[in-house]
Structures are given as structure tokens and as C-alpha cells.
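Please read these numbers as outputs of a predicted model, since none were measured by experiment. Letters A, B, ... mirror the listed sequences (proteins, then strands); counts begin at 1.
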Amino acid sequence: MKKLLISLVSLAALATFAGCGEQPQTITAKPGTSAAKPDDLPYGEGKLYADRNAWQLQLRARADTQNEYKRFN
Amino acid sequence: MARMKFICDAERCIECNGCVTACKNEHDVPWGVNRRRVVTLNDGIVGAERSISVACMHCSDAPCQAVCPVNCFYKTEDGVVLHDKDLCIGCGYCFYACPFGAPQFPQAGAFGLRGKMDKCTFCAGGPEKDGSKAEIEKYGRNRLSEGKLPACAEMCSTKALLAGDGDVLSDIYRERVMRRGRGGDLWGHATAYGRPDTKATAPAVQSIPQKS
Amino acid sequence: MKHLIACLSALLLACAVNAQQSSGPALPKDELIKQQQQRVVTQPYNNAPFWKEARGAVEGYASIPAPEAGVLIQDGGQNWRALRNGTFSIIGGWALVAMMLLIGGFYAWKGTIQLHEAPTGRLIERFTLLERMAHWATAISFSVLAISGLILAFGKALLIPVISFTLFSWLAIIAKNLHNFLGPLFIISCIVTFCVFLRDNWPKAVDFKWLVSFGGLINGKHVPSEKFNAGEKLWFWGGLMLLGIVVGASGLVLNFPNFGQTRATMQLANLVHLTGAVMFMLGAMGHIYMGTLGMAGALDAMKTGVVDEAWAKEHHELWYDDVKSGKVPANRSENGGNAGAGTQQPVAVGGNN
Amino acid sequence: MLVRKSHDVDGTRLSEHTSMRRFGGAKPSNTLDRRSFLKRSGIGIGAGAFASQLPLGFVGKAEAAAPAEGGGKPEVKRTVCSHCSVGCAIDAIVENGVWTRQEPVFDSPINLGAHCAKGAAIREHGHGEHRLKYPMKLVNGKYVRISWEQALNEVGDKLIDLRKTAGPDSVFWVGSSKHNNEQSYMFRKFVSMFGSNNCDHQARICHSTTVAGVANTWGYGAMTNSYNDMQNTKCALYIGSNAAEAHPVSMLHMLHAKETGAKLIVIDPRFTRTAAKADEYVRIRSGSDIAFLFGMLHHIFKNGWEDKKYINDRVYGMDKVKEEVLAKWTPDNVEAACGVPEARMAEIAKMFATNRPSTLVWCMGQTQHTIGNAMVRASCIVQLALGNVGVSGGGANIFRGHDNVQGATDVGPNPDSLPGYYGIATGAWKHWSTVWGVDYEWLKKQFASQTMMEKPGMTVSRWIDGVLDPNDTIDQDSNLKAIVFWGHAPNSQTRGLEMKTAMEKVDMMVIIDPYPTASSAMPDRKDGVYLLPACTQFETSGSVTASNRSLQWRERVISPLFESQTDHAIMYAFAKKFGFDKEFVKNCKIVRPDGEKKWEEPEPEDMLREINAGSWTIGYTGQSPERLKLHMKNMNTFDPKTLRANGGPCNGDYFGLPWPCYGTPELKHPGSPNLYDTSKHVMDGGGNFRANFGVERDGVSLLAEDGSHSKGSDLTTGYPEFDHVLMKKLGWWDELTDAEKKKAEGKNWKTDLSGGIQRVVMKNHGCHPFGNAKARAVVWNFPDAIPQHREPLYGTNAELAKKYPTHADKGGAFWRVKTLYKSVQDKNIADKVYEKFPLVLTSGRLVEYEGGGEETRSNPWLAELQQENFIEINTRDANDRGVRNNEYVWVKSATGAQIKVKALVTERVGPGTTFIPFHFSGWWQGKDNLQKYPDGAAPIVRGEAVNTATTYGYDSVTMMQETKTTVCQVTRFDAA
């Protein structure tokens with residue numbers, strides 16, 4: 001009986017202990033990098049937009065085309 | 001830092017499926033793979049019917065990414081969740097995990113043969129060189145690198161579906177919501193406590209004589 | 001004892017809370033629809049009840065005839081993710097580690113259990129070729145499934161840091177396909193094995209005695225057993241049959257997505273599969289240990305099909321008696337399984353130990 | 001998601017679309033259908049399937065079957081969507097002659113880059129995998145490939161033979177609303193030179209009742225305002241329009257208006273996607289629109305909400321209408337007829353009458369009835385009573401169907417009119433022979449006789465009867481012996497059973513279309529069917545008129561695919577065969593845009609110039625190709641709310657020069673954004689109601705009252721239309737140049753080819769060339785001068801049918817065939833048809849498909865979204881019949897037809913009503929006719945055509961078919 005108790009307790013302890021070891025589930029991939037290959041950035045050398053700023057400005061302007069209030073008034 | 005987002009305005013979406021075919025067109029998506037779809041809830045119920053266009057929502061804490069056994073997902077610096085088809089093993093876990101039904105498979109074969117997972121890329125392609133043949137064939141067009149936004153949102157018939165930098169989108173949506181409140185019967189007291197003078201019941205549908 | 005209960009209940013509660021976190025709305029769909037209809041009148045453009053409803057994984061209309069195309073948001077995925085990546089993987093993983101440690105400890109404590117008497121050199125046929133083939137088919141497919149399954153479940157954490165993405169992806173693809181194609185084979189082997197060994201695994205009263213003393217392991221007293229002792233029978237019924245059904249059926253659900261099963265079904269099947277598989281592996285580890293390192297002579301029986309009389313007498317005394325008394329033929333292969341037909345003496349086959 | 005098909009389908013259809021061009025999936029070989037592929041890849045699994053799972057870079061790349069990429073410099077071609085009348089602009093990107101991409105045109109003031117499913121999938125036209133690829137001929141029940149020469153010779157010889165033996169009227173020519181303006185115009189000219197008025201097109205079964213009813217009310221039969229102008233409305237009432245599915249992009253403007261405070265009311269038997277966006281939705285009984293509209297008018301008059309000054313100044317006969325409405329359409333009568341109780345009616349009437357300007361929108365829900373002409377007039381009357389016509393934000397916004405149905409109606413193949421609504425009287429023929437540069441006498445000789453030349457032809461809705469009816473009931477010499485479908489799908493017409501018989505009876509069927517259409521697979525014929533591949537609007541250039549009357553110029557995107565030819569090239573080739581090619585293209589330069597690869601053809605620009613030269617009535621004269629092209633290039637300069645260009649090269653113009661754009665292009669009339677708008681100068685697009693019905697009626701003046709005139713007019717009261725006599729009387733004649741005087745002498749504003757009269761009247765005097773009159777609430781030349789509600793021929797309510805009986809039968813002089821009304825209705829009541837068929841059957845559009853649907857159902861991107869035809873049936877009716885959702889059912893109709901469709905059990909329709917979309921074809925009463933299509937040219941999705949089951953019934957003015965109210969019974973599929 002004692003042995004059983006000891007084994008049960010140790011099992012429970014182990015399980016509880018295991019719970020503490022839970023890993024964060026969000027993967028924080030480094031910005032702009034693939035898990036495997038480096039992601040090709042949408043701006044830069046040889047691209048339509050030379051730098052991140054120019055590219056983002058363009059996207060912002062483009063996003064505004066979805067706002068018909070800007071044109072309908 | 002910009003965060004790319006989709007918003008679908010339920011007050012505007014008319015289930016025209018323009019977003020769905022815009023996507024098929026832009027990326028030559030084959031039959032059976034629906035990167036985007038439109039769902040209508042409470043179909044036919046007066047006062048409660050709403051349609052919503054849904055695709056990958058590019059979650060901040062993406063469940064697909066969390067459960068992928070080979071870690072083929074990655075996030076661009078603009079918050080677009082992409083995946084590497086070369087790594088994908090077609091296990092289907094992302095499909096189980098995704099709340100929006102975004103992951104699609106070209107097959108649903110026996111023995112779990114699904115082919116490589118395919119999903120909305122926010123028109124940002126994949127890890128291959130932007131606009132390259134390889135990228136187009138595996139992931140479709142890369143509109144972001146061309147300074148354009150996802151085709152679905154750009155072509156939305158009623159501008160219900162918006163895509164782009166979250167800040168800009170919230171500005172657009174805010175303006176829209178403010179205008180909707182014109183007349184003062186929406187914001188302030190009425191919103192908080194309801195309009196006192198309105199009928200408190202849902203719009204009724206009268207019966208129609210059909211037979212003699 | 002109190003503490004133990006507290007610990008266990010805390011654990012269960014944690015699981016339950018975890019599962020509850022992202023569950024659907026409290027109100028039924030009809031109620032939300034009514035609320036939305038009223039909201040349209042009192043507060044136009046306020047869609048809160050609609051969104052509450054959408055959150056509840058209700059099925060709407062979508063013209064594409066794909067299963068679940070009309071479900072805007074399914075919330076099972078979050079639960080599944082939390083359970084699979086969290087509770088199940090962690091408990092399962094640690095349980096496997098613990099089992100290994102346990103077995104290691106046991107081995108260190110007991111070592112290989114040797115025969116107490118010297119082998120007689122007289123051999124009894126314990127397993128026919130069919131029985132052995134069935135067993136090995138099951139065993140091999142099981143091992144491949146276990147290893148490939150473990151690669152898919154834990155490789156991301158354990159192997160990617162070591163062998164990196166591309167190589168691991170290759171490995172995972174091989175593992176996935178092996179798993180998917182061998183799975184059905186394993187189920188078939190299980191069924192064959194079950195049929196072949198069923199007759200010798202009927203539970204008897206003696207098995208209870210054996211079980212109570214844990215095969216004499218705990219108190220050291222010898223308990224006689226039939227051809228299969230209660231431990232083996234337990235493995236037969238609880239492992240091969242019960243876990244076989246659980247793991248096999250849930251595996252089939254996952255392996256054949258071409259029948260249009262919903263995601264909820266597959267999430268549940270996956271969790272059942274995980275649980276069953278871990279338990280299966282735990283049991284198998286014990287079984288393999290006893291069949292190899294744990295007990296001398298056991299592996300030979302499965303390799304060659306025959307055992308020494310001394311081994312039979314020591315481990316399966318009742319069976320030995322039956323063979324001796326002629327109730328069970330000593331060589332079933334040649335007699336075509338004509339049980340109790342003759343009084344032939346066992347014939348020596350093969351080498352001795 | 002995981003499984004893409006819900007049901008078994010034939011293999012060929014799927015194999016073409018699951019080829020997994022990309023995405024690294026294992027690609028089934030061409031000979032495997034999907035199911036066997038799945039089986040094989042699953043069970044007979046081998047190394048191949050396994051290898052496809054490996055993360056190899058080349059997996060997927062090896063599959064490349066995509067259109068050629070790169071190489072050439074991408075060119076951008078601006079075109080216009082060909083799927084509905086909104087007129088959404090599209091930028092097509094072409095590389096090496098291949099249409100590789102499609103971009104939204106944010107600059108377009110009409111759609112601002114927006115598209116519905118059809119517009120967003122338009123690039124598929126560049127693939128055209130399911131197109132008719134070469135001329136074909138039916139030989140022993142099987143289509144075989146033939147050469148173009150053979151086709152032209154055999155078809156041409158047969159037509160020449162028929163023309164000789166049975167007369168030119170023995171051929172029925174169905175033109176198309178998918179043709180651009182130039183092609184439609186040339187088609188009418190072509191048929192005229194063939195010597196016949198037996199030509200028609202989709203507008204007959206689309207908005208013919210609107211065109212007739214509205215034109216007879218106030219002048220022009222067109223949408224009065226524009227989609228964009230709906231942003232200015234305070235309240236919009238959609239009755240019989242499901243814009244969200246039929247004109248999705250129009251909702252961009254409407255929902256914007258709604259957000260900024262406009263009320264949206266939807267009246268429909270179905271709770272449609274449009275209704276889902278409405279502030280108020282009212283369900284009415286199908287076909288009871290007049291009861292509803294006049295019920296509303298009753299409240300308007302009772303409460304004095306009508307615009308009394310407006311009625312006095314600008315409306316004729318409203319007093320009579322008021323009298324009738326107050327007496328007849330009392331709330332209890334209204335509720336009995338349309339099902340709307342008094343309180344609800346008062347609420348809607350108040351909302352619509354007090355939120356002005358309010359606009360009224362209608363579509364096929366009103367037009368396709370035996371009383372369609374009356375329904376549309378009832379709508380006009382409501383708008384006139386409220387003074388909403390000729391007002392920005394108001395108007396009768398009539399959304400048209402096809403991309404160019406407006407243009408084809410204006411200048412295309414109408415059996416009762418030459419281009420520009422000139423009619424077919426002697427004067428009209430003389431006017432157009434002058435424009436065409438041909439001798440009137442020569443033209444007359446082409447016809448059987450001058451009588452036939454001036455007798456309206458048959459209509460596309462009735463050609464069946466032209467074939468099947470006994471010869472003595474037909475108002476022409478011979479029955480129809482041949483039918484030419486030139487861009488028309490037969491499944492959009494009613495009475496499928498009889499149509500099949502007619503198709504089998506004619507000597508020859510010719511189908512000239514990019515797709516083989518249902519015509520190719522419908523009849524059980526062994527021979528005598530020719531399929532000639534025409535190209536789409538993306539393989540040619542030309543102008544297209546949107547519903548708001550704006551013209552847009554389409555650039556040619558790609559060369560004609562396969563062996564297809566442009567429609568005008570085919571017309572020219574046939575003209576050569578018939579020997580009138582010189583006359584046919586007298587004013588046009590002949591060009592070969594594809595060199596030797598394709599035929600020579602008249603240049604679209606020149607054809608448009610010819611339209612400009614002759615269509616003075618409706619102001620199709622100012623839209624020169626140069627001006628239109630300038631508009632297309634400078635879309636960004638137009639304001640999307642007013643449609644007016646502010647600065648830039650088009651400064652002051654309205655987008656697309658919405659007709660009427662009077663005068664010569666040099667006059668620079670800006671087009672008319674809203675018709676009859678007196679708040680603007682005529683040279684700014686203003687106007688007033690047209691004086692087209694004389695100056696007085698029974699001693700009451702029909703001209704506008706004093707003080708009612710367009711802004712800046714020299715004449716401040718009503719005046720008749722201008723001709724040389726009036727010009728001289730007013731002393732304005734001398735303002736014409738000498739050259740103009742020469743041409744204008746003896747002419748009026750419509751026939752003066754110099755445009756001098758229009759110039760002087762408008763520019764110098766601010767007057768409207770068509771006069772200034774009152775709109776007519778009472779149209780005395782129609783069967784019901786005041787719109788009367790009449791029950792449909794096939795109804796479910798006998799009591800109401802007795803109270804509101806239909807018209808008396810009509811003899812053969814009416815569009816050349818006999819038309820039945822009362823006898824059919826009486827027989828149905830006597831036979832108690834409503835007991836056997838207790839459900840109302842109505843039909844309509846789906847957003848994914850258009851028209852007969854061959855084109856859209858052949859487009860995999862669209863076809864995937866609607867894979868089967870269905871019937872919407874209320875839960876209660878379904879339960880009564882033991883029918884479950886998504887099961888097949890039989891729909892049986894009073895014609896004896898039964899069609900097999902899936903049940904969609906829904907609350908969209910009320911109890912007693914059912915709905916079936918009309919775009920499907922290819923099945924015939926439960927059987928898939930796949931094998932009857934030419935190889936490889938069957939549409940991906942086929943289904944049962946609702947019109948196989950629809951019944952008899954035609955409008956009493958225009959022969960519009962009754963599709964919206966008929967009867968049916970639904971039974972379980974196994975209960976067949």
C-alpha cells in the first residue's frame with residue numbers, strides 16, 4: 001500500500017511538474033525571416049521601392065483608395 | 001510598425017463574391033481551393049442577416065503557426081502570416097487549428113495526402129524572390145511588393161472589405177462609422193440607452209394571401 | 001492522501017479552465033438573432049449580437065459546396081491547439097520520459113530476470129509461424145508508427161534546433177507518409193494478431209490472483225499462470241484490443257479526410273489519438289522491456305517460436321502442465337493445431353539455450 | 001475545404017479544373033478524372049505521390065501551364081466589364097498578347113475600382129477554354145468541325161434560298177445586348193438590308209416594358225439619373241430589383257447614401273441580399289406591384305404629400321389617376337391584393353414621400369409581367385406625384401441588365417424601330433438611308449413589300465410561335481424557317497418545351513456566339529445547326545452604353561482567340577455573300593487589326609461616327625470616338641458624385657457623355673447626367689419633359705405650364721418640338737449657317753443632319769430641341785390608360801383573378817402573332833390549375849452568373865461558386881412536402897414540364913412562393929445533355945433551366961414574357 005501511495009504521489013508530482021514546463025506557444029520568428037529561408041523583402045535594391053519608408057507610404061496611399069468618402073464627399 | 005490587416009464591414013458586404021473571384025483571378029487558384037470565401041449568417045432572416053468575407057486573418061498569435069509540426073510559417077515584419085510550401089508536409093494541423101478555415105489543400109486524398117497547404121498570402125507571395133516565377137507558381141502574385149494591396153479588397157464591390165495597414169484601415173472605418181451616425185440618433189444617448197421613440201420589436205413580416 | 005487529491009483536482013481544473021477559455025457564447029442562437037433584430041431598430045449599425053453569434057461557430061450559408069464552408073469562425077481549433085500543444089504534449093512527453101526512467105530504474109533494481117532452473121534442452125513450441133509473423137508485423141509497424149509519430153509530435157521542439165528546417169521537413173515528410181501508410185497496415189496486423197492469440201487470452205480466475213500479486217513481482221511469491229499470464233492478457237485486451245481500437249479508429253478519421261469529416265471531429269480524433277498513442281507507447285515500452293531485457297528467454301520464444309521446458313514451467317506453469325498432460329500439443333505446427341488429440345511427446349526442435 | 005465536391009459530377013468537367021497548375025499538388029494526368037485520380041493516388045499509392053510530398057523546390061514548378069509570363073513589356077488596356085449595365089472599368093494587363101493580369105481602375109467615377117464576382121473574374125476571357133473554337137456543323141447528331149468558308153457558304157446559301165423561296169421575313173435574327181453599340185447598330189442595318197424587321201435582342205425580355213412605358217410617360221425610355229446620383233437621394237425604394245446580386249457595384253453608391261442618412265426601402269416577394277441591407281423590407285405577393293404602388297399613392301394623396309405645383313406645371317392627367325387611386329386602391333383592397341396591411345403601408349408611404357428627393361428603382365421584378373408596361377407606369381406616376389423626376393437624387397432609376405442593353409436598345413436590332421427610336425415609318429427609312437448613303441428605293445426592294453418594311457417584326461419572346469403557329473394566324477407570308485442566334489441564350493426565354501419543338505421544326509439554326517450556348521444542346525436534331533465562333537468584347541474595340549446612358553470606349557485587349565471573328569467582321573462577310581457589302585459599309589474604313597490572321601472588318605470608330613451622324617433623337621450625336629477615348633484616359637478628372645469633370649481636357653463634360661448628348665461633337669454638349677432636370681441649362685445637361693404626344697389632348701394642353709422650363713431658356717413656357725417651320729416663326733432660322741440651312745430645310749430637329757437646328761435652339765436660346773411638355777400620367781395609347789392591376793395568367797388566387805381579370809385576347813396584327821390572355825386565364829381557373837400547382841414560381845439572378853449563363857458558367861472561377869441550380873422554398877412548404885434542404889426535388893409546372901433542382905429550404909421566400917435562378921441550362925428535365933454539346937465546349941456547370949418550366953404570358957404592349965409570376969408544384973425527387 002505504501003509503495004502504491006508513493007508511486008501515485010510521485011506520478012502526480014511528475015505531472016504537476018510537467019505542467020510548469022509549458023512552452024509559450026507563439027513562435028516569435030525574427031521579423032522578415034522565414035523559418036527556413038530568408039523572406040524576400042518587398043523593398044530594397046532593385047525593387048520598385050527603394051526603402052521601407054517609400055514602400056509604406058505607397059501602401060498607405062493605396063489603402064486610401066478604399067475610402068470612397070475621400071472621393072464622394 | 002505597420003500591421004497588415006483585413007476588415008470586413010458587415011453593414012456593407014452583400015455577398016457578391018467579388019473578393020473570391022478577384023483572388024482566384026490574381027493568383028490562378030485552382031478549382032477547390034478557396035483562399036477567401038463569403039459566409040452569410042442568418043440567411044433569409046429579416047433584420048439579422050449579415051454576410052462576411054473571410055480569409056486568413058493574419059493573426060498576431062497565429063494558431064496555424066503554433067501547431068505546424070515543421071514550423072513552415074513565418075511572419076513578415078508587417079504582420080503578414082506566410083508559409084513556406086517547400087517545408088509544408090500537408091499534415092492538416094493548421095486546418096484544424098485555424099478559426100477561419102483559411103488553410104486549403106489542393107486535395108483531400110486518402111492516407112492524408114492533401115498536397116501542400118495553400119492559403120491567403122495577403123498578396124505577399126512567399127519566401128521566394130518577389131515576383132519570381134517560382135513565387136508566382138507556388139503562392140501567386142506578390143502585390144505588396146508592387147506597392148498594391150490585396151486584390152480582394154481593392155476590388156470589393158461596396159468597399160466592405162478593406163485591407164492594408166491597420167492604422168489606415170481604422171481611420172477609414174472610423175470615418176465611415178462616424179458618418180453613419182449622422183443625425184445624432186446613433187451616438188451618444190441613443191446608442192447607450194436606445195431610442196425611446198422606436199418600436200421595440202423587430203420588423204414584422206406580414207402574411208400574404210396565397211390562395212382563394 | 002489529501003494532498004494528492006488536491007493536486008489531482010487542481011490539475012483537472014487547470015485543464016478544464018484551459019478548455020473553457022475560448023468557448024462560445026452563453027446565449028442560444030435564436031436568442032441572439034432576436035436581439036440583433038431588435039438592435040437594428042433601436043441602435044442601427046450596432047451588430048454586437050450578430051458577432052456574438054458568429055463567434056459561436058454557427059453554420060451559415062455559403063454557396064461553395066465544401067464541408068463547413070458556411071462556418072465563419074470555429075472555436076474548437078483554439079481548444080485543440082491549447083490541449084495538443086499544451087496539456088497533452090507535455091503530459092504525454094513527460095510520461096514517456098518518466099516511463100523510460102521507470103524502466104531504467106527497474107532494470108537497475110532487478111536486472112534481467114533469469115531462469116531459476118537450468119534449461120532442460122527439451123523444447124516446446126510456444127508460437128507458430130503465423131503467430132510470430134502476426135506479432136512481428138504488429139511490432140514493426142507499431143515501432144515505425146511510434147517513432148514517426150514522435151517525430152511529428154516532438155520533432156519541432158527537439159529536432160529542428162539540431163538538424164534545422166529543411167532536413168527536418170524531409171524527415172517529417174517521410175515520417176508523415178510512413179505513419180499514414182503504415183497505420184492501416186498496423187490495424188490489419190492488430191486484427192490478425194487479435195484473432196490468432198484470442199483463444200489463449202481468455203481471462204481465467206488464476207489471472208486475478210496473478211494480478212493481485214503483480215505476478216509475484218512485489219512480494220516475490222510465484223504465481224502460476226497459463227500460456228499467457230495476466231499481465232500479458234491485460235496487454236492483449238487493454239493494449240492490443242482497446243488501445244488498438246482507440247488509436248486505430250481515431251487514426252483512420254485523421255488519415256482519410258476525403259469523407260468530409262468536420263474539423264471538430266478531427267480535433268477530437270487527434271486528441272484521442274494522441275492520448276491513446278501515448279498510452280500505447282507506455283504499455284509497449286513495458287511489453288518490450290519484458291520481452292527483451294526484462295526477462296531471459298522471452299525474446300527467443302518470439303524469434304524462434306519455441307521455449308525450453310524449464311522456462312515454460314517457471315513462467316507459465318499451467319500451460320506447461322497442459323502441454324505435459326497432452327491437453328495442448330507441444331508442436332502445433334505439425335499437428336495442425338489438433339488440440340488434445342494425441343499424447344505425443346514434445347519433439348526437440350532447433351537449438352538449445 | 002478539404003473536399004471540394006459535394007456530389008458526384010461527371011469526370012470531364014472536373015478534370016479540367018483540378019489540374020492543380022500550381023501549389024505542388026500531384027497533378028492528375030489529362031486522362032484521369034478527379035475521382036479516379038483520388039482513388040489512384042490514395043490506394044494505388046506509389047513513389048510518385050510520395051515524391052510529390054517532398055519539399056523539393058521543383059515540385060510545382062514542373063506543372064507550369066500558366067499563361068506565358070514575362071518577356072514582353074506589359075501593356076495596359078482599358079476596357080469595361082461585359083457582365084452588367086453598371087459599366088465598371090477594368091485595366092487589363094497584356095504581355096506578349098496574353099492577358100496576364102487585371103487591375104482595378106480606382107479612377108473610374110462609376111465603380112472606383114470595385115467589382116463583383118463577375119467583374120473580378122473577367123480575365124478568364126483571355127483563356128476561353130470552354131469557348132467554341134472553330135465553326136462547327138451538326139452532322140448526324142454530332143458536331144463536326146468545318147472551315148469558315150464552308151460555314152459561310154452553306155449558311156449563306158441557305159439564307160439566300162429562304163429569302164427567295166419564303167421571303168426575307170422567314171428568317172428570325174436574334175441580335176445581342178452584348179454587342180457593342182457599333183455592332184448592334186450594324187446588326188440592325190444588316191437585317192434591314194437583308195430586307196426584314198424580324199430581328200430582336202435581349203432588351204425585349206429585359207426592359208422593353210420599361211422603355212415603352214417610360215418613354216410614353218415622359219419622353220425617353222431610360223434610367224433618368226445615374227448610379228452615382230443615387231448618393232444624393234434621401235430615400236430609395238427598390239421594387240422588383242435585387243441590385244445587390246444583379247448590379248452589385250451600384251450598391252457602392254446606395255450604401256454610401258444610406259450611411260449618410262438616406263433611407264433604403266426594399267419591396268420584393270423575396271428577402272434578397274438587397275433587402276438585407278434595407279431599413280425597411282416589405283414582402284409583397286409576386287405580381288402585385290401596382291396594388292402596392294397605388295396603395296402607397298393612396299396614402300400620399302390622402303395626406304397631401306404630393307408635389308402640387310410640380311403636378312400642375314409638368315404632369316398631364318394626374319387628377320384622373322388621383323380619382324381612381326383614392327376610389328379603387330383603398331387600404332383593404334391593397335392588403336387583399338398585395339398583402340401589406342394599412343399601417344405598414346402608411347409607414348412606407350410616409351417615409352418615401354417625406355424624405356425627398358426620393359428615388360424609385362426597378363428591374364425585372366416589374367418588367368417581366370403581362371402587365372409590365374402598367375407596372376412601370378405606376379412607378380412613374382408615383383415619382384411624378386412626388387415631383388421626383390428631373391431632380392438630382394430622385395428619378396426613376398431603372399437598372400438595365402446586360403452591359404450594353406441600353407445601347408443595343410438605343411441603336412440596335414429592334415423589330416419596331418430603326419436606330420435611335422426613329423420607328424419604321426417611311427420617314428424613318430428615308431432618314432436612315434440618307435445616313436447610310438444608300439438609295440431608299442434600293443432598300444425598299446430588299447424587303448418583301450413596303451407594308452412588310454413598315455410592319456414591326458416578331459419579337460424574340462415570340463419567335464417560337466412564329467415557327468409553330470398555323471400560318472393563317474401569322475401576320476406575314478411565311479412562317480419562320482430559320483433562326484439566327486447572334487449572341488443570345490435561349491434559356492432566358494420562357495416556354496422551353498415549345499421552344500425545343502420550334503428549334504426542331506425550323507430548317508436551320510445558326511448560332512453565332514463565343515460559346516455554343518444552350519441552343520446547341522437543346523434541340524434533338526440530326527443536322528441543320530451551325531455554330532460560328534464570334535469573339536468577345538475584349539477581342540475588339542467599341543463603345544458601350546451603361547445603364548446611366550454614359551458611353552465608354554473599350555480598347556481591344558487581345559486578338560480574337562482560336563478561329564473566332566469579330567461580330568462586325570462576320571456581318572461584313574455575310575453582307576458580301578448576300579451582295580450588299582458596298583452599301584453595308586459605305587461610310588466605314590475597312591481595316592484588318594490582325595493582319596492576314598483574321599478577316600477584314602469595318603472600323604469601329606467609323607461605325608460610331610455613322611451612329612453620331614444619324615441618331616439625333618436621343619442625342620447619340622455628340623459622343624465621337626475621340627471624345628469617348630479622352631474620357632477613358634482622364635477618368636480621374638470626373639467627380640464621382642456629379643460625374644462632371646472639373647478641369648482637365650474634359651472640363652465640364654459628364655462622364656461618358658450620357659445621352660442625350662445633342663448636336664455635333666463640335667457643339668461640346670456635356671451629356672445629360674439626369675434627364676428632364678430643369679434646374680440646369682440645356683447646354684449643361686438640363687432639360688424638361690419631351691413634347692412627343694402632340695400639343696393638346698381633348699382640349700387640355702400637353703405643354704408645360706408657364707414658368708416651367710429648363711434654366712436659362714428663352715422660352716419660359718411649354719413649347720412643341722422644333723422644326724424648320726417653328727424656327728422660322730420664331731425668327732431663329734437665320735442663325736443657321738448657309739450650309740446648315742441647306743440641310744435643315746424641310747427637316748425637324750431629329751432629321752436635320754447638319755445639327756444646325758439643335759445648335760441654335762440649345763446654344764443660342766437655351767431651349768430644348770424636343771420641346772417642353774408635360775409628362776403623361778394617363779397614356780391613352782396604351783391598353784390601360786391608367787395602369788390597372790391584372791392578375792397573371794397563371795396564378796394561385798382565383799378570387800383575385802376574377803376581381804382583376806387580365807386583358808382580352810389579341811389577334812395576329814400585334815407583333816405579327818396571335819396573343820392570348822383571357823382565354824388562358826379563364827381556362828386555368830376553370831381547370832383549377834392553382835390546386836395542382838399551388839406555389840408561385842418566380843425567377844431571377846445570381847451574382848455569379850449573367851443572362852443565360854453560358855459565358856459565366858464556363859468560367860471556373862465563377863462556376864465553382866454556384867455548382868447547381870436550386871429552388872428556394874419556404875420551410876413550411878418544404879415540410880409540407882417532405883422536402884429537405886440540399887436534396888433534389890422535382891419542380892413541375894402547368895406546361896407539363898418537370899425540372900430537377902436542389903431544394904434550398906429558406907426563409908428568403910415566404911410561404912407559397914418559390915424562386916429559381918434562370919442562368920442554368922444544359923440539363924433537360926432531369927437529364928444532363930453534356931454529350932449534345934460540341935466537344936470541349938460545354939460549360940463547366942450545367943443545370944436545369946427554369947424556363948423549361950415557365951408558362952405562357954406576354955405583356956400587352958411589348959410582348960415582354962411573364963417570368964416572374966407563374967405556378968409550380970414541388971415534390972420529392974423519389975416521388976417522381
### Message
Is it the case that atom CE in C/M241 sees more than 12 heavy atoms from other parts of the structure closer than 6.0 Å?
### Response
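Above 12, so yes.
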### Task
Determine whether more than 12 heavy atoms belonging to other residues, nucleotides or ligands lie under 6.0 Å from atom CE of C/M99.
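More than 12 heavy atoms, drawn from other residues, nucleotides or ligands, come within 6.0 Å of this atom.
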Any side-chain to backbone donor/acceptor pair from [X] onto [Y]? Under 3.5 Å, distance only.
X	Y	result
C/N255	B/A110	no
C/K176	B/G112	yes
C/Q74	B/C98	yes

#### Entry: Side chain, backbone, both or neither of B/V54 within contact of chain C (heavy atoms, under 4.5 Å)
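Contact with chain C is through the side chain of B/V54 alone.
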Which heavy atom of [X] sits nearest a heavy atom of [Y], and at what distance?
X	Y	result
B/L41	C/G60	CD2-CA, 3.5 Å
C/F168	B/P69	CE2-O, 3.2 Å
B/V67	C/R84	O-NH1, 3.9 Å
B/A48	C/I33	CB-CG2, 3.7 Å
B/L87	C/T166	CD2-CA, 3.9 Å
B/Q65	C/K156	O-NZ, 3.2 Å

Measure the spacing between [atom1] of [X] and [atom2] of [Y] and express it to the nearest 0.5 Å.
X	Y	atom1	atom2	value
B/L113	C/N180	CG	CG	7.0 Å
C/Q36	B/E49	CD	CD	11.5 Å
C/N177	B/C91	CG	SG	11.5 Å
C/L254	B/Y93	CG	OH	7.0 Å
C/L72	B/R37	CG	CZ	7.0 Å
B/Y96	C/R263	OH	CZ	11.5 Å

### Query
In terms of ring plane angle, is the pair C/F181 and B/F111 parallel, tilted or perpendicular, where the classes change at 30° and 60°?
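Parallel, since the angle between the ring planes stays under 30°.
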### Task
Run through B/N71, B/V70, B/D86 and flag the one making a side chain to side chain contact (heavy atoms under 4.5 Å, CB included) with C/F165.
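Among B/N71, B/V70, B/D86, the one meeting side chain to side chain contact (heavy atoms under 4.5 Å, CB included) with C/F165 is B/N71.
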### Message
I need the single residue from B/N17, B/V20, B/T40 that forms a side chain to side chain contact (heavy atoms under 4.5 Å, CB included) with C/S63. Which is it?
### Response
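Only match with C/S63 under side chain to side chain contact (heavy atoms under 4.5 Å, CB included): B/N17.
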Please classify the contact of [X] with chain B as side chain, backbone, both or neither, using a heavy-atom distance under 4.5 Å.
X	value
C/L152	both
C/Q35	neither
C/P184	side chain

### Message
Are the side chains of C/V58 and B/N42 in contact, using a 4.5 Å heavy-atom criterion?
### Response
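Side chain of B/N42 against side chain of C/V58, heavy atoms only: no contact under 4.5 Å found.
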### Query
Heavy atoms, side chains only, cut-off 4.5 Å: are B/I45 and C/Q37 in contact?
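Of all side-chain heavy-atom pairs linking C/Q37 with B/I45, at least one is under 4.5 Å.
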### Query
Could you walk me through whether C/Y61 and B/V38 pass the side chain to side chain contact (heavy atoms under 4.5 Å, CB included) check?
CA-CA 9 Å; C/Y61 169 86; B/V38 183; over 6 Å; no
### Distance-only polar pair, side chains of C/N47 and B/E11, donor-acceptor under 3.5 Å
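Present: a donor and an acceptor within the cut-off.
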### Task
Under 4.5 Å, counting heavy-atom pairs only, tell me which of C/A157, C/A172, C/A62 racks up the most with chain B.
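Counting heavy-atom pairs under 4.5 Å, the top option is C/A172.
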